[in-house]
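Working notes, beginning with the structure itself.
Order of the sequence lines sets the chain letters (A, B, ...), proteins ahead of strands, with each chain counted from 1. What you see below is based on every heavy atom in this structure, not just the backbone, and it leaves out hydrogens, waters and symmetry mates. Quick caveat, the model's predicted, so the values are computed rather than measured.
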Number of protein chains: 2
Amino acid sequence: MAILHELSEFRRPVAINLANRPTPANCEDCGARQNGLCEALTEDELAFLARSAQRITLAPGTVFVEEGEKAAYFYNINHGNVRLFKSLPDGRRQITGFSGPGHFLGLAAGENNAFSAEAMDGVKLCRFSRASLMAVFEELPVLERKLLGVAMHELVLAQQQMLLLGRKTAIERIASFLLSWAVRLEICPAGGLPAANSVLKLPLSRTDLADYLGLTIETVSRSLSQLKRDGMIDIPNIHEIILLRPRTLSEIAEAAV
Amino acid sequence: MAILHELSEFRRPVAINLANRPTPANCEDCGARQNGLCEALTEDELAFLARSAQRITLAPGTVFVEEGEKAAYFYNINHGNVRLFKSLPDGRRQITGFSGPGHFLGLAAGENNAFSAEAMDGVKLCRFSRASLMAVFEELPVLERKLLGVAMHELVLAQQQMLLLGRKTAIERIASFLLSWAVRLEICPAGGLPAANSVLKLPLSRTDLADYLGLTIETVSRSLSQLKRDGMIDIPNIHEIILLRPRTLSEIAEAAV
DNA sequence: GGTATTTTTTGATATGGATCAAGGCCGCGT
DNA sequence: ACGCGGCCTTGATCCATATCAAAAAATACC
């Protein structure tokens, strides 16, 4: 079950952190890099934000946003990873994205949540009620512009994913995913190539990967094996992949002719 | 080629129109319903907006936003329809969405456009340079919040489409599309069911449909034929579909068990 | 540390949708 | 009216990926 901490526990770098672009800051719990909006705000504004939120800790597997439920909260993740997904009644699942430290979610368009969100590991986050978020907007209009930028970026990622799901082959999907994950881990900038032999940590199961890429776990496994056979990658263990030939991988991903 | 009109040609209902939610207003050229933000603005604010834009007319087939090009403009469509798409070098194409009167596009997340946009028919639109758009934001912060709402809504649609592309069968995709198009045409509200025997006008070719749904034109055609055989729909002509049994169609679309 | 359980990989087979190939329909120009 | 060319539909076949099945590896549990 979720454990609610008191607002007084809030501390600056962890509490308010609403951007999608990397600006270094360290999580006070784990030291992990975070992405922050803090830089744009004054001490007073940060304090205002902190007063509006609750801090929550979630156990792995906790579904804390449920598709179709009334959209009551807005979240800012401080620590851990979250999968966002939509499901069909017969159990088919499409993961629409992953959220990590510094990411926000729950700013729904309508009355109800359009997706579900589940903690993949131990997650710490800040929760804002919709009312308090509106109050924050009144006080900090800069937040709104920042969120617009974040939403635009999400939209770009969504369009890339639509191309992947609608038109790419299994191998192309895997190659695309590996490169996009490198960007996510800040191993290389968006649009750039990671260095050869870069090590990719994947905190995902094959099932997650399959549900994200619109494939089955068997096809994911086979495609990874094939890339390994072809000398594109190495797989020292389930949760680590080494990009041996990122350039070729990129050509596969983009279906370069 | 694009024809640029002078700013003085601007008139209120056509000129500024940046919402995604339906609020009736008529296009001064064709009388078609439009979606408007105008209601939220004063005369002075509207005049300010109008001074910042250029009015442009496009011939069918004109690609006026090119993926990868520098993102220089922001557009508000007044008349006609636009397809948004991404392509792979070998010609595979994924349509990520359609834009019609009242829709906006081009508010890119990065330096370059993440997608291409092409006029499907005769299109009239307003064009803002990025600089003038920023000026508009300074003057009209309300626009920013409105656009955040629009972007959120786009994100919801994108997530639905990812579920469709990643996990639905051909028949389910077609059924989902027909119902979503009914919402788009304001035949029924989002989440609702259109009345039986509702007539759907489709200004799309089968190729567009296929590229939007991640299928081939043959599969689109076969699926439509099957729905017709099963008494779900009627197809009086290529660009019109009658929803005979919307309820069952919805059950197919959502894979209700 | 060893055994049970889950996850991943690999193999064999099946199948939904792609591809290849006609044929039909419709609008357009003459 | 006629013929042409561009969509669209339908049929036959193929293939990439799903499904079914089992072994291997990783992880959890006692």
Side-chain angles (χ1 to χ4, degrees), chain A residues 59-61 83 88 90-95 120-121 164-178 200-230 233-241 252 255, chain B residues 60-61 83 88 90-95 120-121 164-178 200-230 232-241 252 255:
Chain A
R83 60 182 146 246
L88 291 171
D90 62 4
R92 278 175 284 172
R93 183 178 74 155
Q94 179 65 40
I95 293 182
M120 294 167 73
D121 40 29
L164 181 149
L165 292 170
R167 290 301 184 209
K168 289 190 181 178
T169 67
I171 286 278
E172 289 164 0
R173 292 180 200 204
I174 296 287
S176 299
F177 166 79
L178 291 175
L200 236 60
K201 290 207 186 297
L202 294 185
L204 311 174
S205 68
R206 296 293 188 255
T207 304
D208 282 336
L209 214 35
D211 284 348
Y212 183 51
L213 300 178
L215 301 168
T216 58
I217 52 171
E218 292 95 331
T219 301
V220 168
S221 183
R222 270 188 253 273
S223 302
L224 283 169
S225 298
Q226 181 178 335
L227 287 174
K228 183 178 179 178
R229 252 196 323 278
D230 296 349
I233 62 174
D234 198 12
I235 311 178
N237 67 69
I238 303 287
H239 293 294
E240 241 174 67
I241 289 182
I252 295 173
Chain B
R83 59 181 147 249
L88 291 171
D90 61 5
R92 278 175 283 173
R93 184 178 75 154
Q94 179 66 40
I95 294 182
M120 294 166 73
D121 41 28
L164 181 150
L165 293 170
R167 291 301 186 210
K168 289 189 180 178
T169 66
I171 286 278
E172 289 164 1
R173 293 181 200 204
I174 296 287
S176 300
F177 167 78
L178 291 175
L200 236 60
K201 290 206 186 297
L202 294 186
L204 312 173
S205 68
R206 296 291 188 256
T207 304
D208 282 336
L209 213 34
D211 284 347
Y212 183 51
L213 300 178
L215 301 168
T216 59
I217 52 171
E218 292 94 332
T219 301
V220 167
S221 183
R222 272 187 253 273
S223 301
L224 283 169
S225 298
Q226 181 178 335
L227 286 174
K228 184 179 179 179
R229 250 196 325 278
D230 296 349
M232 302 288 132
I233 61 174
D234 198 13
I235 311 178
N237 66 70
I238 303 288
H239 292 294
E240 240 174 67
I241 289 183
I252 295 173

Write out a two-atom table: protein N or O, nucleotide N or O from nucleotides 19-24 of chain C, distance below 3.5 Å.
{"unit_1": "C:dT19", "atom_1": "O4", "unit_2": "B:Arg222", "atom_2": "NH2", "d": "2.9"}
{"unit_1": "C:dC20", "atom_1": "N4", "unit_2": "B:Glu218", "atom_2": "OE2", "d": "3.1"}

- Starting from P on C:dA18, measure out to CG on B:Asp211 and report it in whole angstrom.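 Nearest whole value for this atom pair: 11 Å.
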- Message: Using whole Å, what does the distance between atom C1' of nucleotide C:dT10 and atom CG of A:Leu224 come to?
- Response: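 Distance, rounded to whole Å: 14 Å.
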What's the separation between atom [atom1] in [X] and atom [atom2] in [Y], rounded to the nearest 0.5 Å?
{"X": "B:Lys168", "Y": "A:Leu88", "atom1": "NZ", "atom2": "CG", "value": "6.0 Å"}
{"X": "A:Leu164", "Y": "A:Glu172", "atom1": "CG", "atom2": "CD", "value": "8.5 Å"}
{"X": "B:Glu240", "Y": "B:Ile235", "atom1": "CD", "atom2": "CD1", "value": "11.5 Å"}
{"X": "B:Asp230", "Y": "B:Met232", "atom1": "CG", "atom2": "CE", "value": "5.5 Å"}

- Item | Beyond-backbone contact of B:Ile233 with B:Leu200, side-chain heavy atoms, under 4.5 angstrom |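 Of all side-chain heavy-atom pairs linking B:Leu200 with B:Ile233, none is under 4.5 Å.
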- Message: With a 4.5 Å cut-off on side-chain heavy atoms, are A:Gln226 and A:Ile174 touching?
- Response: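 A:Ile174 vs A:Gln226: side chains apart.
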- Item | Considering all heavy atoms, the nearest A:Ala255-B:Arg92 contact |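 Shortest heavy-atom separation between A:Ala255 and B:Arg92 comes out as CB-NH2, 3.2 Å.
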- For B:Lys228 against B:Asp234, the heavy-atom pair lying closest together: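 Looking at all heavy atoms of both residues, the shortest contact is CE-OD1, 3.6 Å.
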- Verdict with supporting geometry, B:Leu227 and B:Ile252, side-chain contact (heavy atoms from CB on, under 4.5 Å): CA-CA 10 Å; B:Leu227 286 174; B:Ile252 295 173; 4.2 Å; yes
- Task: Could you give me the CA-CA distance, side-chain angles and deciding distance for A:Phe177 and A:Val220, then say whether side-chain contact (heavy atoms from CB on, under 4.5 Å) is met?
- Result: CA-CA 11 Å; A:Phe177 166 79; A:Val220 168; over 6 Å; no
- Query: Between residues 166-174 of chain B and DNA chain D, which residues have a heavy-atom gap below 4.0 Å?
  - Reply: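 Those residues whose heavy atoms fall under 4.0 Å from DNA chain D, taken from residues 166-174 of chain B, amount to none.
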- Query: Over its full length, what angle do the end axes of the helix from C:dG1-D:dC30 to C:dT30-D:dA1 make, each axis taken from five pairs and the result rounded to 10 degrees?
  - Reply: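 Overall, the helix from C:dG1-D:dC30 to C:dT30-D:dA1 bends by 40° from one end axis to the other.
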- Task: For DNA chain D, note the earliest and the latest nucleotide, 5' to 3', having some atom under 4.0 Å of a heavy atom belonging to chain B.
- Result: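 Contact boundaries, 5' end first: D:dC8 to D:dA12.
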Between the protein and nucleotides 5-8 of chain C, list every N/O to N/O distance that falls short of 3.5 Å.
{"unit_1": "C:dT8", "atom_1": "OP1", "unit_2": "A:Arg206", "atom_2": "N", "d": "3.2"}
{"unit_1": "C:dT8", "atom_1": "OP2", "unit_2": "A:Arg206", "atom_2": "N", "d": "3.4"}

Please report, to 0.1 Å, the donor-acceptor pairs under 3.5 Å made by any side chain of residues 203-218 of chain B, with sequence neighbours excluded.
{"unit_1": "B:Ser205", "atom_1": "OG", "unit_2": "B:Thr207", "atom_2": "N", "d": "3.4"}
{"unit_1": "B:Ser205", "atom_1": "OG", "unit_2": "B:Asp208", "atom_2": "N", "d": "3.1"}
{"unit_1": "B:Arg206", "atom_1": "NH1", "unit_2": "B:Ile238", "atom_2": "O", "d": "3.3"}
{"unit_1": "B:Asp208", "atom_1": "OD1", "unit_2": "B:Arg83", "atom_2": "NH1", "d": "3.0"}
{"unit_1": "B:Asp208", "atom_1": "OD1", "unit_2": "B:Arg93", "atom_2": "NH2", "d": "3.1"}
{"unit_1": "B:Asp208", "atom_1": "OD2", "unit_2": "B:Arg83", "atom_2": "NH1", "d": "2.6"}
{"unit_1": "B:Asp211", "atom_1": "OD1", "unit_2": "A:Arg167", "atom_2": "NH2", "d": "2.8"}
{"unit_1": "B:Asp211", "atom_1": "OD2", "unit_2": "B:Arg93", "atom_2": "NE", "d": "2.7"}
{"unit_1": "B:Asp211", "atom_1": "OD2", "unit_2": "B:Arg93", "atom_2": "NH2", "d": "3.0"}
{"unit_1": "B:Thr216", "atom_1": "OG1", "unit_2": "B:Thr219", "atom_2": "N", "d": "3.3"}
{"unit_1": "B:Thr216", "atom_1": "OG1", "unit_2": "B:Thr219", "atom_2": "OG1", "d": "3.1"}

